[in-house]
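Input: a single structure, listed below in structure tokens.
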There are 2 protein chains.
Amino acid sequence: MRREFKKKSKVLLIDDNYEHLVGIRELLNLEGTFDVVGIATNVTVGLNLIKKYQPDIVLLDMNMPDRDGLQGIIEIGKLDSDTKVLALSGYDDADLIFRAMKIGAKGYVLKTMASAQLIYAIEEVLNGKIYLPLALSSRFFEYFQQSFRDENAKQELNEENLLSYLTQREEEVLELLTQGITYKGVASKLFISETTVKTHVNNIFQKLQVNDRTQAVLYAINNGFLTKKGMSTVASR
Amino acid sequence: MRREFKKKSKVLLIDDNYEHLVGIRELLNLEGTFDVVGIATNVTVGLNLIKKYQPDIVLLDMNMPDRDGLQGIIEIGKLDSDTKVLALSGYDDADLIFRAMKIGAKGYVLKTMASAQLIYAIEEVLNGKIYLPLALSSRFFEYFQQSFRDENAKQELNEENLLSYLTQREEEVLELLTQGITYKGVASKLFISETTVKTHVNNIFQKLQVNDRTQAVLYAINNGFLTKKGMSTVASR
DNA sequence: ACAGATCTAGACCACATGGTCTATAAATAA
DNA sequence: TTATTTATAGACCATGTGGTCTAGATCTGT
């Protein structure tokens with residue numbers, strides 16, 4: 001068929017289950033549009049094959065013995081090849097999906113899924129898209145939203161958050177403190193005397209129930225003070 | 001038909017475009033399984049209707065005049081009703097999708113989508129699932145991954161990250177500093193003399209190119225020091 | 001065995017920081 | 001109007017902090 005004229009996409013498979021490895025290879029070979037350039041049963045070997053064959057895509061099992069799959073994604077990412085990673089797993093574990101996507105997997109499919117869906121996923125990823133089956137993206141989003149709910153819960157103690165007792169001026173002072181600025185610096189930035197700054201700072205300490213600037217800054221950061229100011233901090237897990 | 005026996009789901013629509021509002025109402029009424037309990041052309045009115053009718057789901061347009069849609073999602077969330085929000089928008093703006101999902105929208109659909117898909121989305125959300133059309137979830141993930149790439153880029157200066165020059169002991173000291181502990185405190189925790197701590201701290205300052213503990217702590221936080229230690233900081237935008 | 005890094009620790013000094021009190025002007029609330 | 005809050009600012013003092021130098025004890029790697 002026509003397809004033969006189109007250049008086949010190079011695929012590499014990494015999975016510690018050899019049976020499965022061969023199964024997928026057969027499936028992809030039957031499809032005809034893929035060229036399985038190599039298979040490996042562990043990440044270390046897989047990485048070498050990637051360097052050698054520069055595959056377009058790697059199907060990477062998440063449950064590996066030596067290094068785990070997540071580490072594998074990171075290391076493949078560090079290679080400066082354009083190789084894309086499609087994560088493969090037996091379980092729809094939300095945390096695992098979240099982490100995998102976070103560190104750059106272009107997709108995540110379950111081993112139990114129909115082969116047609118696997119083929120489709122591979123093609124989407126090869127086309128530069130990110131593919132997550134509906135069931136998994138649903139899982140992902142639950143986890144994603146949950147993590148933010150937790151955060152908000154932490155900060156909406158916030159209504160009983162000591163930060164809310166600060167006056168306008170005190171907030172301004174605190175904001176400067178969170179930039180590591182001294183009394184003198186704050187004073188000149190706010191056009192007030194140094195002793196006034198000290199007064200404010202002492203009031204801040206009392207309100208936040210801390211006894212030095214470092215603790216005040218930490219309190220501010222951990223209680224969403226910067227977030228409100230439009231700053232950003234980024235989630236990790 | 002049988003469906004009549006099943007309790008209809010209460011739906012509320014909020015969209016500043018009245019034409020569109022009526023259009024969707026008609027569509028849902030034709031479907032027969034929905035009961036459109038109210039429509040509103042702005043968030044303020046919508047909130048009151050929600051309090052009154054306790055709908056199962058709200059279709060909320062993201063591009064509203066008074067309050068914007070994002071704020072609407074948050075405020076609906078604050079009501080302690082179980083009302084779910086399905087975001088509706090004319091554009092597949094990645095940032096908007098990301099924010100909407102982050103603050104708890106159960107789904108996001110485009111106005112240009114086929115009505116069958118809208119119906120499907122509503123049903124999925126009503127069934128407690130989160131629904132993002134493939135095209136949008138793809139958009140979302142690109143944005144999601146990009147934001148982490150930015151983070152990593154920031155921290156993988158990391159290879160030229162000043163934190164990497166710290167010795168083991170210095171890291172231990174810094175970790176305690178990031179908890180707002182004084183020289184004396186650090187000394188007793190590490191079973192070393194206070195002056196030794198001072199020496200370490202001074203070395204840390206030099207290596208991080210800062211001149212006080214607050215700046216050192218801020219540097220540590222902004223450069224992934226805590227992340228490595230298993231602590232967490234959380235993303236916002 | 002020797003050079004270099006690391007951890008330890010002391011001495012000294014200047015200055016920043018934190019604690020406490022007092023006090024005035026202005027704005028706000030009762 | 002009076003009381004309270006807020007922003008301002010000074011004085012005073014104890015202590016914490018940061019800068020610089022020196023130096024011994026270990027531990028590395030060559």
Side-chain angles (χ1 to χ4, degrees), chain A residues 158-223 225-226 228-229, chain B residues 158-223 225-226 228-229:
Chain A
N158 205 325
E159 251 100 312
E160 28 182 331
N161 187 329
L162 300 175
L163 285 171
S164 62
Y165 298 139
L166 298 183
T167 67
Q168 198 89 39
R169 201 55 162 170
E170 285 161 355
E171 286 192 2
E172 294 177 54
V173 173
L174 179 55
E175 191 176 356
L176 293 173
L177 288 192
T178 61
Q179 291 165 36
I181 302 179
T182 67
Y183 284 148
K184 227 188 284 286
V186 175
S188 76
K189 288 223 175 199
L190 298 183
F191 303 107
I192 54 181
S193 110
E194 203 176 325
T195 67
T196 303
V197 177
K198 284 184 53 175
T199 308
H200 286 311
V201 170
N202 272 301
N203 290 333
I204 291 172
F205 289 168
Q206 297 214 341
K207 290 185 178 177
L208 301 189
Q209 295 169 15
V210 298
N211 34 37
D212 63 58
R213 53 205 306 109
T214 308
Q215 286 177 14
V217 169
L218 289 171
Y219 186 93
I221 291 175
N222 292 326
N223 291 81
F225 181 73
L226 297 179
K228 284 176 207 149
K229 299 286 172 186
Chain B
N158 207 326
E159 251 99 316
E160 28 183 332
N161 187 328
L162 301 176
L163 286 171
S164 62
Y165 298 139
L166 298 183
T167 67
Q168 198 89 39
R169 201 55 161 169
E170 285 162 356
E171 284 191 2
E172 292 178 55
V173 174
L174 180 55
E175 191 176 355
L176 293 173
L177 288 192
T178 62
Q179 291 166 36
I181 302 179
T182 67
Y183 285 148
K184 228 188 283 286
V186 175
S188 77
K189 289 225 173 197
L190 298 184
F191 304 107
I192 53 180
S193 111
E194 202 175 326
T195 66
T196 303
V197 177
K198 285 184 54 176
T199 309
H200 285 312
V201 171
N202 273 301
N203 290 334
I204 292 172
F205 290 167
Q206 296 214 340
K207 289 185 179 177
L208 302 189
Q209 295 169 14
V210 298
N211 31 40
D212 64 57
R213 52 203 308 108
T214 308
Q215 287 177 11
V217 169
L218 290 171
Y219 186 92
I221 291 175
N222 292 326
N223 292 83
F225 182 73
L226 298 179
K228 283 174 208 153
K229 299 286 172 186

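Just so we're on the same page: letters track the sequence lines, and every chain starts at 1. Since the model is a prediction, treat every value here as computed from it, not as a measurement.
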Without decimals, in angstroms, what is the distance between A/F205 CZ and D/dG16 P? 14 Å
Measure CG/A/N203 against P/D/dA7 and give the value in whole Å, please. 9 Å
B/I204 CD1 to C/dT6 C1': how many Å, rounded? 13 Å
Select from A/S193 and B/N202 the residue whose nearest nucleotide in DNA chain D is closer to the 5' end of that strand. A/S193
In terms of the nearest nucleotide of DNA chain C, which residue is placed more toward the 5' end: B/D212 or B/I192? B/I192
Touch class at under 4.0 angstrom, heavy-atom based, for A/T167 against every strand present: sugar-phosphate
From CG of A/N211 over to P of C/dA16, roughly how many Å is that when rounded to an integer? 21 Å
Taking NZ from A/K184 and C1' from C/dA16, how many angstroms apart are they, rounded to a whole number? 8 Å
Using a 3.5 Å distance criterion without hydrogens, assess whether the side chain of A/R213 forms a donor-acceptor pair with backbone atoms of A/G180. no
Can you find a pair of side-chain heavy atoms, one from A/H200 and one from A/L190, that are under 4.5 Å apart? no
Which part of the nucleic acid, if any, lies within reach of A/T182 when heavy atoms closer than 4.0 Å are counted: base, sugar-phosphate only, or nothing? sugar-phosphate
Interatomic distance where NE2 belongs to B/H200 and P belongs to C/dT8 [whole Å]: 4 Å
Give a yes or no answer on whether the side chain of A/Y183 reaches the backbone of A/V201 with a donor-acceptor pair at less than 3.5 Å. no
Looking at B/A187, is its backbone amide N or carbonyl O close enough to the side chain of B/E194 to form a donor-acceptor pair, meaning the two atoms are under 3.5 Å apart? no
Could you give the CD-to-P distance, from A/Q215 to D/dG16, as a whole number of Å? 14 Å
Would you mind reading off the distance between A/R213 atom CZ and D/dG18 atom C1', rounded to a whole angstrom? 13 Å
